[in-house]
Amino acid sequence: MTAFIILAILAIVGALGVVVARQPVHSALFLVANILSLAILYLLLSAEFLAVAQVIVYAGAIMVLFLFVVTLLTAGKEEGEPKEQLEGQRWIAGVLAVGVGIALAVLAIHHPGRAIASGLPHNFGNLHGMGLLLWGPDFLYVGAIALMLVTAAIGVLVLNRPVRRQAPRPQRRNEA
Amino acid sequence: MIPVNWVVGLAAILFAIGAIGVMVRRNPLIMFMSAEMMWNAAALAFIAFARHWHDMSGQVMAFLIVGTAAAEVGIGLAIIVTVYHRRHRLDVDEISGMKN
Amino acid sequence: MLVVWLMVVALVGSFVTLVVPRQSAKMVAAIVGAIVMVLYIGLLVHPGQGVNVSWIPAWGIRFHVGSDGLSLFLLGLTVVLTEAAILASKSAWGPVYFFWVLFLEFGSLGLFSALDLFLFYIFWEVVLIPVFFLLTSWSGPKGRRAGMKWLIMNLFGSLFMLIGIVAVAVIHSQPFGPLTFEISKLVHVHMDARVTPWVFAAFFLAFAIKAPLWPFHGWMPDAYREAPAPVTALVAGVMSKMGLYGFLRIMLPLFFPEFVKYETGLLILAVIGLVYGAFMALRQTDMKMVTAYASLSHIGMIALGIFSLTRAGILGATFLMVAHGLMVGGLFIVLGLLENVGGSRELGTLRGLNASAPRFAAYFLFFALATLGLPGLPGFVGEYLIIQGLVVHHVVFAVIAIIVLVMAAWYMIRIFQGIMQGPQGDLEIADLKAQQIWWIVPLAGLVVLLGVWPNGLTSHAVPSLYHAVHLLAGKGGSV
Amino acid sequence: MSLFHGLLPEYIIVGFILISLLGNMLSRKYHVASWLSLIGMLSAFVASSHLWSFVLKPHMFLGGGAVIDNYSLFVNLLVLLAGLGTILLGWDERRWGTEFPVLVMLAVLGMMILGLAGNVITLFLGIEMLSLPLYILAASTHTASGGEAGLKYLLLGAFSSGILLFGLALLYGAMGSLAFVNFAKTVATPTSPLLWAGVVLSLVGILFKLGIVPFHMWVPDVYEGSPTAVTQFMAFGTKVGAAAILLRFMDFGFYATPGWWGPALGYLAVLTMIVGNLLALPQKDLKRLLAYSGIGHAGFLLIGVATHNLQGARALLFYLLPYGLAVLGAFAVLSLVAGDRDQVSVSDLTGLAKKRPLMAAFFIVVMLSFAGIPLTGGFVGKFYLLQAALFANQPGLAIGLVLGTVLGLGAYLRPIQALLNNQDSDSTAPKPKWTLGGAVVVVVAVVGTIGLGVYPTPIVHMVNQSANFFWLH
Amino acid sequence: MQLLTEIILLPLIGAVTITVFKGLMPKKLPGIWASSLVGISFLLSIAADVHLTHLGVHHRFVTGTLWTWISGFGPAIGARLYLDPLAGIWLLVITGIGMLIHIYSIGYMHDDPGKARYFSYLNFFIFSMLLLVLAGNLIVLLIGWALVGLASYFLIGFWYHRPSAVRAAKKAFVMNTVGDVGILLGLALLYLHYHTVGYPHLFRILSAAHPGSAFFEWTAFLLYVGAMAKSAQFPLHMWLADAMEGPTPVSALIHAATMVTAGVYLMARLYPLLRLAPNVHYLVGAIGAFTAIFAASIAIFQRDIKRVLAYSTLSQLGYMFLAIGVGGFAAGVFHFMTHAFFKALLFLAAGSVIHALGGEQDINHMGGLFKKMPWTMAAFLAGTLAISGIPPFSGYYSKEAILGQVFNSGHTLLWGVGVLTAGMTAFYMFRLFFITFLGAPRDQALYDHAHEAPRVMTIPVVILAVLAVVGGFFRGWLNRWLAPTFALYPGASHAGLESGPLFGTILTVGLAMIAIILAYWMYVKKGVAPNAGSAHGLGRQAFEAWNLDTVWAWLAVIPFKTLGDWIRPVENGILAFVNGVASVVWLWAADLRPLQTGYVRRYALSIMVGLGALLAFYLIRA
């Protein structure tokens, strides 16, 4: 319980940091903190594999990508955000999100649940267990993820191609 | 023993913070990070419930979320870069040419 | 079967006009119209059984068409008036114009012969489209607005009717019966007392807007004013009958108790339209608008006949529907030709034309007299029957109706004299040439025939009419 | 039937994606990829049709994660139609590069997965797989509006996916299972708050994709900014996918307890129909107009779910086809009129009837189908929806449908009147050119639209068969 | 039956052929063709009447149905014809006098470019009038009734380029329509109660009924409204004077001899119904008497030769209705017959005068014409004597019959009015005669041009003059002739011709003689100007027909037009409502558009709002 509280505070602080930080780099770093604390929480929740995956994929790959882009886009540019201009945006968003969050949290905490008496199954959440699933019955899902990553690759390719504005329509006879 | 319900409560709070981030920040990168945070919150909830139900399919789902997030971040960052690489500021409110 | 052929010929013919050379489109359209007329004569001789085949079996929808006494003559009205409209149109309006006119004929034929409620609805909306396009493309910017108004208002009403139709079918199928849209079967539907008024209102709205009954005529002045004269003739002559036909064909059998319940209110509505149209017609200076409001008044008269819920009234309404179509259609066509040569429709601009155009004057006067209900011409027959029906229970309305008949004589003669008689103005117009308008003579002959021998129509209409309103017996009174 | 057999269309698409990628490496010729994708989708189409008779009884795989039945196959057919149309419309759009067909196929795959999704995982994967290529496609024009469209779509998509995911997580927590089949079994009893919170959150995610008010805001901007062919794909394909999963999710997963989720959807449907069609009225940009009309149509589709009866499911499925055909036709004409531009305003249509009568006629037909005029498929669809609403004893939905239709009619009449308007037409403006792909799409759309309007019986039968998943319980 | 059909159809054939082929016909043909057709019709009418005499007294009618006119809502109504002695009289008068006037018109309309049209109208009128008279039920009667109105409309407006003619035609048509719809409603009521409007049948039913119920009063009143309009009874009389805008032979035929007496015919026809409605029956007589004296008062001050005759027609029609009102049906019919003779005569003679003076109708420009037009003068004198009721001219007998019956029935007041009117009649008629034919010419130029009419015009005039002189001697014959008709009606005790007390006769004739002498003294001896007395005061009011036109305008025309103007805003409101809904929708759309701000964060917020709302919705419901 203590561990949970500490991790929770860490995660929340990280999350708040992301939202509050003035500079994107700081936000990214706060997000790393958040992700790491969550990873530890995963461990506590008997999800060893995911904890590892979280660290490697999120903290390792995704956040690095973020940091890279942040530096790419903010280098040599003015930093910081101008003042809020949309009327009531912060206020309404805050109230709504806090309301929704509190409502959900309360619901979740009060959810009775049906305690399962027996202990965890064998290999629950470790590499072995996940492997059996992901390379077994759920392999198709992994295939889908693979296709998505391919999509991402294509996307980067397409989006960063040199711009050809107003490319002329191909003339049919030229092709022939 | 971690109280699963409390973990889900934490996830809800993270989710809300992420939502606030998306709605309040004007830097697209931070907005995107906040959205990722919402995904993370969902993954956390899945894992917590997987623990609760002693059912690994929740963890599989969480894994898939992480994988998808990776793909999405790739595309997202690419789009953000294409949109902003010539702009002065990273301000999402500037990208509002289409309206009404 | 023949009735289907009528529709097929009209439909195929409409597409044929699109592919033939531009200058021969009118001729082709006229030939198609003539073929339909010939087929219609066949139909008159052998009314036949119609066609009843499954169309969308999943919803119990059948392609069920047929012609009985109620629809037979409205089909005839459609056929005749369409041909007249084609002949009265300018060849220069192009193939698409004639396509739409024939398409309108197709839709109208379908509507009047449909015996399945779904089919009825299909045609109900199909006929809206040609008029919209005719208004949009063959008149000015005001016409575009009028077209928009026409389509949106009518569709607004008819969509509520669609709800009504589906509601009736759904209620009829409860519990767990198959869906059906056959009018003859839906008649036996048992509706909850809380639901019925709404369904009634849904149907009523559609029919009242299309007719148009007062005060649902918001689309009417613009559409009548802006449309090319032959189209106005079709709208006023044929399409306005669709709403009234709907009352007879669908609402009376389906909602007879409601009609009895709301009778007074409905009669008041109709009578307001009757009086209102007459007063408006009296104060117009545009000859087309006089006719338009006169038409509104007549629609009120027909509605009065229907809502009187007596045999005579309903029979009179049936008769007047056909007769009014021919008369007002002919009148609009003549006015349109007059506008073409005179370049105006205004009472002050056009005056004393009788001297230069006696034929115009003669045709104008003939149709004007028919419209105002001169005894011996069919308008009188219908009006007589309606008044005969009204005196059974509602003498007050009969009195109002006859006062309006006097007003009709007044406004019609006023507009005729204003344009045709009196000292001759500066305007001299070319009179009609025989080859230009030979076809209006048979039309006029038909009108005379109807006036002299109305029994030819009524005796045919009666059996199906009483079938449609068999519930009338419960209300007593054979008149 | 084996899983492999059942997933044959999907496998074919995957195969052709891989082949195309390979082909792209080997040959940079633009049309190779287009042809490959065309063949691929056609074969998938054939495969789906072939499977039709094998799945009179639904087959479940992956523990309920994938349900192969007539429903999924019908969705496949619709989606493939959308994909084929997109490929044909984009046939000559060389500037998008050879990756364009691949991306379309990827999105098609995502939509197909949505059609067969039977658990939370496939739902999520399908939605993401549908969205990711579309983010790219939306942004792919390298124009300011294209970038804006992509960015908005991306940010909001990520946001809504987050909501969806959290909702799914809550559902999982409440149910202890990811499969809809098990939801249905568990949910029979009165519900826990966690459950409905989960339903609400996941609904928001799905309704966002469908474009329901108030989750619709991205639609006009993204449609306007995207290339025309892609817009068409979004308007048709995304709606099919989202509607398919929404139907399966609600009507299959929560069939037993319709009473508590139905009304809210009903209100949203009415709101959407009215707001969407209302806002379509004053639009000047044609794509934006169609976008708002798409929102309105999403409202119509939602009726089918809100009625939570068999007729509703059938009607929704049916309505997707005439709607899609009209979208195909409208956007095809739009792209022909636009030529090289990406923007088409209503006034650009002026005088089209004179310049290209046939094109104008086709456009009119599809517009009338949108408006729900009889003898077009749109009418039959609306009729079916109305039937469903009244069978469900929800006249409010029917009235909303009517009001929405009338408002929409007002919007559709404006382009029609513009193209019939000969007076104000700019005679110097070049005539739009027919392209082969565009012509094929338009003709198919128009023939299909009228065919559906005149003789819908076969499709009605197909649809009625497809909606049988409903009776699993 | 066939005979009846032929009688009716011949003029119709004439009308149609002339209309269709007028371009092909030689100039003179239409007149001859039309006249000969009517002539044949006349001969056939005689044959038909002769045929009637061969029928039994209790069965003296010919009837039959040509075809079923309408059916389906009750017993069928046929296109029926019916000839009985009553109709027979009208038949003879219509075709006979009609023929004469046709012939006269050949001369009168000789120079008019529209004469083919004229003859087709005239033939059409004869057809309609025959249809009216020979109708076998009220429906056919109503058709004929309206068609004669139409023919009258055509002929009044014959010179359609004259605004006054056009206005008069419109007035006549609209007022006649008032009558038409009265009959329409009345017959609808009759049909409703008895399921028939066919003649012998209807008479039988009505004869069996007992008087006094409101239904009979209403029905009779409605039918009487029809008769009132057609026969120009007060207050629906104004159209008749204006109708003089038509050619003079038309005035003779339609607006004196035949059409305007259709009301008398209808009332006589509906004798069984009037019997059942005592109040309306009395009303008929009272209004008749009032019309008679009222019109006479106007006629005294008129300056237009035709207007004088028109008002005298009105006055004489009043006599006929007076007769009917007291149950003297035969007397009414008798006066109709003699009136047809002498009034047609007067009009034709007046027409000759007008013709001779090149269209001048104002008596201020006449005078001394007896030298130029002796034949015409003689004929006119005969007519004037007849109308003034001087024995032994025809008018004396018929007027005596009426006044006698009125006196016998005990309506002393009505009788007094009748007697007074007789005196006035003699005065104004002789005023007209003296001013026109005697004295010095008032307009020398016109006088110099005057000439006797051609023979084609004088011969009909002379024939009519003879009839006007001897018409009274048909008295006994008529009584016997009509007896079978009225015998069909029970309680017809007063139907036959009666004579009044001797003092009445003396009083009437004496009054007339005094009036003639007064007129002679005033207009020949003293040479009073014709327009003297009509310049101001009561005379002016009388000259302007007591300004009833204005009253009518205030009572009917202006209210209707004003109502029409009031309705216009309502109409604008309805139209504006439609447009208003459109603009409200448009504005609404315009108001909603800014919500789509283009800011992606707003969009996200909107999603969140939706989410919150949905959650709240379920929270509240949960």
Side-chain angles (χ1 to χ4, degrees), chain C residues 18 54-59 61 63 94-96 99 103 107 110 118-119 121-129 132-133 135-138 140-141 143-145 147-171 173-174 179 195 198-199 202, chain D residues 311 314 318 353-354 357-358 360-361 364 368 371-376 379-380 382-393 395 397-399 401-410 412-414 416-424 453-465:
Chain C
L18 287 180
S54 186
W55 183 16
I56 312 177
W59 306 333
I61 289 170
F63 185 81
V96 181
F99 164 77
F103 196 78
F118 181 82
L119 195 60
Y121 184 80
I122 293 263
F123 285 118
W124 178 265
E125 284 202 358
V126 160
V127 294
L128 298 177
I129 301 304
F132 167 74
F133 284 105
L135 273 169
T136 301
S137 298
W138 282 272
R144 281 204 286 280
R145 279 186 68 87
M148 201 119 165
K149 226 190 247 181
W150 153 264
L151 196 54
I152 291 179
M153 264 192 87
N154 272 295
L155 211 70
F156 181 76
S158 57
L159 281 168
F160 278 103
M161 174 168 78
L162 184 61
I163 298 185
I165 289 174
V166 178
V168 170
V170 165
I171 293 170
S173 75
Q174 305 284 7
L179 271 178
V195 177
W198 295 103
V199 181
Chain D
Q311 280 87 2
R314 290 170 168 177
F318 183 88
K354 193 113 185 169
L358 211 56
I364 288 171
L368 292 182
I373 301 292
L375 296 188
T376 62
F379 168 70
V380 183
K382 290 215 171 84
F383 176 76
Y384 210 167
L385 284 170
L386 209 55
Q387 214 177 303
L390 292 176
F391 263 115
N393 201 9
L397 286 177
I399 290 170
L401 182 129
V402 164
L403 294 179
T405 305
V406 172
L407 289 172
L409 181 73
Y412 304 128
L413 289 187
R414 283 180 51 245
I416 291 178
Q417 292 205 322
L419 63 83
L420 289 173
N421 180 356
N422 289 329
Q423 280 99 21
D424 309 335
V454 173
Y455 194 64
T457 305
I459 304 295
V460 172
H461 275 297
M462 273 179 84
V463 160
N464 288 358
Q465 235 170 12

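When reading the values below, keep in mind they use all heavy atoms of this one structure, side chains included, and skip hydrogens, waters and symmetry mates. Residue numbers begin at 1 in each chain, while the letters A, B, ... track the order of the sequences.
- Residue D:Val402 comes nearest to C:Phe156 through the heavy atom pair CG1-O, 4.5 Å, listed as atom of the first residue, atom of the second, then distance.
- The OG1 atom of D:Thr457 sits 8.5 Å away from the CH2 atom of C:Trp59 when rounded to the nearest 0.5 Å.
- Using a 4.5 Å cut-off between heavy atoms, D:Val454 contacts chain C through its backbone alone, with no side-chain atom that close.
- Taking both residues in full, the closest heavy atoms of D:Gly453 and C:Trp55 are given as O-CZ2, 4.2 Å, listed atom of the first, atom of the second, then distance.
- Neither the backbone nor the side chain of C:Phe63 comes within contact range of chain D; no heavy atom of the residue lies under 4.5 Å from a heavy atom of that chain.
- The part of C:Ser173 that comes within reach of chain D is its side chain, from C-beta onward, which places non-hydrogen atoms under 4.5 angstrom from that chain.
- Within the 4.5 angstrom heavy-atom criterion, only side-chain atoms of D:Ile364, from C-beta onward, approach chain C.
- Neither the backbone nor the side chain of C:Leu128 comes within less than 4.5 Å of any heavy atom in chain D.
- Residues D:Leu390 and C:Ala167 share a closest heavy-atom pair of CD1-N, 3.4 Å.
- For a residue to count as touching a neighbouring chain, one of its non-hydrogen atoms must lie under 4.5 Å from one of that chain's; by this rule C:Ile165 does not touch chain D.
- Residue C:Phe123: no heavy atom, backbone or side chain, is found under 4.5 Å from chain D.
- Remark: C:Arg145 CZ is loosely packed, at most 12 non-hydrogen atoms of other residues, nucleotides or ligands lying under 6.0 Å away.
- For chain C, the nearby parts of D:Phe391 are the backbone and the side chain; heavy atoms of each come within less than 4.5 Å.
- The two atoms that bring D:Gly372 and C:Glu125 nearest to each other are O-OE1, 3.7 Å, heavy atoms only.
- Two rings, from C:Tyr121 and D:Phe383, have their centers 6.0 Å or more apart.
- The CG atom of D:Leu368 lies 5.0 Å from the CZ atom of C:Phe133; values are rounded to the nearest 0.5 Å.
- Of the listed residues D:Leu407, D:Val406, D:Thr405, D:Asn464, the one with more heavy-atom pairs under 4.5 angstrom with chain C than any other is D:Val406.
- Counting heavy atoms from C-beta on, the side chains of C:Leu162 and D:Phe379 come closer than 4.5 Å.
- For D:Val460, the part sitting under 4.5 Å from any heavy atom of chain C is the side chain, from C-beta outward, and nothing else.
- D:Leu409 approaches C:Leu155 most closely through the heavy-atom pair CD2-CD2, 3.3 Å.
- Separation of atoms CD (D:Gln417) and CG (C:Leu151) is listed at 9.0 Å; rounding is to 0.5 Å.
- Summarising the geometry of D:Gln387 relative to C:Leu179, their closest heavy-atom pair is NE2-CD1, 2.9 Å, with the distance given to 0.1 Å.
- Taken to the nearest 0.5 Å, the CD1 atom of C:Ile163 stands 10.0 Å off from the CG atom of D:Leu397.
- Considering OG1 of C:Thr136 and CD1 of D:Ile416, their distance stands at 8.5 Å, rounded to 0.5 Å.
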